[in-house]
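Following: one structure in structure tokens, then a few remarks.
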Amino acid sequence: TLAERTNLAGVRHILLVLSGKGGVGKSTLSTELALALRNAGKRVGILDVDLCGPSIPRMLRVQDSAVHQCDSGWVPVFVGQDKAIALMSIGFLLERPDDAVVWRGPKKNALIKQFVTDVAWGDLDFLIVDTPPGTSDEHISTVEALRPYQLLGAILVTTPQ
């Protein structure tokens with residue numbers, strides 16, 4: 001549809017941050033990368049699709065923010081004094097930031113698709129996608145939803161053990 005094409009039309013590069021296991025620092029790396037790119041003068045967005053552990057809102061101290069609707073979908077939360085980082089996370093949709101998300105695959109996949117198509121990102125140089133740990137259904141859904149857009153690539157976070 002036209003809305004799907006337009007919400008990511010202004011995004012130049014999409015980067016997936018992945019790992020085979022949890023606790024290796026994907027969210028930390030996603031956050032630090034976003035801050036480094038912003039400091040280099042780039043326009044940056046973070047899409048937090050770690051549905052069971054959305055930690056980026058807390059890392060960027062915006063966990064109490066709310067997401068609003070506009071004509072083209074959800075408006076991401078803008079982070080920092082300069083509002084230079086756009087962030088979308090399921091953490092903003094929960095009643096309490098520490099609420100657990102216990103959903104089956106189809107509902108998770110539908111939300112990921114909605115995050116890809118229904119967030120009004122505007123013009124971004126980079127969209128960083130923080131994924132959940134492992135190699136689950138969510139990863140396949142994310143990649144399939146992003147396939148029509150020129151994916152820049154992926155960063156695979158590993159640890160020595």
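Counting heavy atoms from C-beta on, the side chains of Val157 and Val17 come closer than 4.5 Å. Side-chain atoms of Leu124 and Val44, non-hydrogen and from C-beta on, never get closer than 4.5 Å to each other. Counting only heavy atoms from C-beta outward, the side chains of Leu33 and Ile155 approach each other to under 4.5 Å. Counting heavy atoms from C-beta on, the side chains of Val49 and Pro132 come closer than 4.5 Å. Proximity of Trp121 to Met88: side-chain heavy atoms (C-beta onward) are separated by under 4.5 Å at one or more points. Side chains of Leu15 and Val129 form no contact here, defined as non-hydrogen atoms less than 4.5 Å apart. No side-chain heavy atom of Asn7 sits under 4.5 Å from any side-chain heavy atom of Thr117. The closest side-chain heavy-atom distance from Phe92 to Leu87 is below 4.5 Å.
Heavy atoms only, all atoms of each residue included: Ile56 and Ser30 are closest at CD1-CB, 4.0 Å. The heavy-atom pair separating Thr28 from Met59 by the smallest distance is OG1-CE, 3.4 Å. Of all heavy-atom pairs spanning Arg58 and Gln63, the tightest one is CA-OE1, 3.6 Å. Here the closest non-hydrogen pair linking Val75 and Val67 is O-CG1, 3.5 Å. The two residues Val77 and Ala66 make their nearest non-hydrogen contact at CG2-O, 3.8 Å. Ser89 approaches Pro57 most closely through the heavy-atom pair OG-CG, 3.4 Å.
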**Message:** Does Ile128 form a side-chain contact (heavy atoms from CB on, under 4.5 Å) with Leu47? I'd like the steps, not just the answer.
**Reply:** CA-CA 6 Å; Ile128 298 163; Leu47 175 56; over 6 Å; no

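A distance of 7.0 Å separates CG in Asp130 from NZ in Lys26, rounded to the nearest 0.5 Å. Distance check: Leu18 CG to Thr131 OG1 gives 4.0 Å after rounding to the nearest 0.5 Å.
Residues Ile46 and Leu35 are members of one and the same hydrophobic cluster, defined by side-chain heavy-atom contacts under 4.5 angstrom among Ile, Leu, Val, Met, Phe, Trp and Tyr.
The aromatic ring centroids of Trp74 and Phe115 lie less than 6.0 Å from each other.
Remark: side-chain polar atoms of Asp118 are not paired, donor with acceptor, to backbone N or O of Ser72 under 3.5 angstrom.
A salt bridge links Arg12 with Asp125: the closest approach of a Lys/Arg side-chain nitrogen to an acidic carboxylate oxygen falls below 4.0 angstrom.
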